[in-house]
Amino acid sequence: MRRPLIAGNWKMNLTRSEAVALAEAVAKQADQYPTVDIAVCPPFVYLEAVGRAIAGSRVALGAQNMYPEPSGAFTGEISPMMLCEMGCRYVILGHSERRQWLGETDSFINKKVHAALKAGLQPIVCLGEQLAEREAGHTLEVIRAQFEGSLAGLTAQQMIQTVIAYEPVWAIGTGKVATPHQAEEVHLELRKLIAQRYNPEIAQQVVIQYGGSVKPDNAQELFAQPDIDGALVGGASLKPDQFLGIIAGMKK
Ligand code: PEP
């Protein structure tokens, strides 16, 4: 059966020493939550230092992005193998900030997903609708298109290795969280899409996180939904007490 995953997306924040201190604080408490998988995703340049800070703990390392080619003339980019060498288990792909500000498309994200899986990394694939799309009643349509595009061509085994993060764009960094009902509706739809493409057993094994202004005071009601398997956390993952407070909300 699937295990919930709570991952911190630190984005482009923190100094090196702040990153190490945060990682150490999370690692120190992680043993208290044996039923939850925990990951931190620092900026590339802190991966090695953070990896050392969490070594031997239950906290896994993740990156925030990668390039889909194994090596070559791609100035400024980072390959899947480089992330493996740094000790990464996860890589966040298709975050809405990258879709919005860096022009990432579903087909480019799909290439990255395949490259990550081939390298033995677990992709955390983000998808979610814009506010205007929700208001126009198009949420499920948008989710279906992103699912089909960014997760095209995966074998059943690769689908199980992949984490999906449903992140409504209007809830990211805004303090506006989706209601448990709004989030559960999309998570259930995603599970239906997986069941249709593979089968219901596969669908039951895929971890689907919610992301968007998750805080200790709203985590528990989100996590109480049957199809929400943890969270991808931005702002609140930068404060150890808040991140740990969210993890504590995971009782499943
Ligand atoms: C995110 O960026 O993935 C995110 C969920 O951010 P926040 O928790 O700050 O809304």
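What's counted below: heavy atoms across the whole structure, side chains too, no hydrogens, waters or symmetry copies. Atoms within a ligand are numbered from 1 in the order they appear, just like the ligands themselves.
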Give the numbers and elements of all ligand 1 atoms closer than 4.0 Å to a heavy atom of Gly212.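 Once the distances to Gly212 are compared, the set is 5 (C), 10 (O).
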Which of the atoms in ligand 1, numbered in the order shown and given with their element, are less than 4.0 Å from a heavy-atom of Leu232?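 In order of numbering, the contacting atoms are 3 (O), 5 (C).
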Hey, does Ala236 sit under 4.0 Å from ligand 1 if you only count heavy atoms? no
Would you call Ala171 a ligand 1 contact, heavy-atom distance under 4.0 Å?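 True for this residue.
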Using a strict threshold of under 4.0 Å (side-chain N to carboxylate O), is an ion pair present between Asp106 and Arg99? yes
Got a salt bridge between Glu97 and Lys11, using NZ or NE/NH1/NH2 to carboxylate O under 4.0 Å? yes
Answer with yes or no whether the side chains of [Y] and [X] bring together a donor and an acceptor at under 3.5 Å.
| X | Y | result |
| --- | --- | --- |
| Arg2 | Gln205 | no |
| Glu129 | Trp170 | yes |
| Gln29 | Gln32 | yes |

What do we get for Asn9 next to ligand 1 when only non-hydrogen atoms under 4.0 Å count, side chain, backbone, both or neither?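 The answer is the side chain.
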Could you tell me the residue and atom name of the protein heavy atom closest to [atom], and the distance to it rounded to 0.1 Å?
| atom | answer |
| --- | --- |
| atom 2 (O) of ligand 1 | Lys11 NZ, 2.5 Å |
| atom 9 (O) of ligand 1 | Gly235 N, 2.8 Å |
| atom 3 (O) of ligand 1 | Glu167 OE2, 2.7 Å |
| atom 1 (C) of ligand 1 | His95 NE2, 3.2 Å |

So which of Gly234, Gly173, Gly175 gets nearest to atom 10 (O) of ligand 1, if we judge by its closest heavy atom? Gly173
Of Thr35, Asp37, Asp229, the residue whose pairing with Arg3 passes side chain to side chain donor-acceptor pair (under 3.5 Å):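 Of the listed options, the one satisfying the test is Asp37.
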Plane angle bin for Phe74 and Tyr67 - parallel if under 30°, tilted between 30 and 60°, otherwise perpendicular: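 If you compare the ring of Tyr67 with that of Phe74, the planes turn out tilted.
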Flag if over 12 foreign heavy atoms under 6.0 Å of NZ, Lys111: no
For the 3.5 Å polar cut-off, considering only N or O atoms, please tell me whether Thr174 and ligand 1 meet it.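 In this structure, Thr174 places no N or O atom under 3.5 Å from an N or O of ligand 1.
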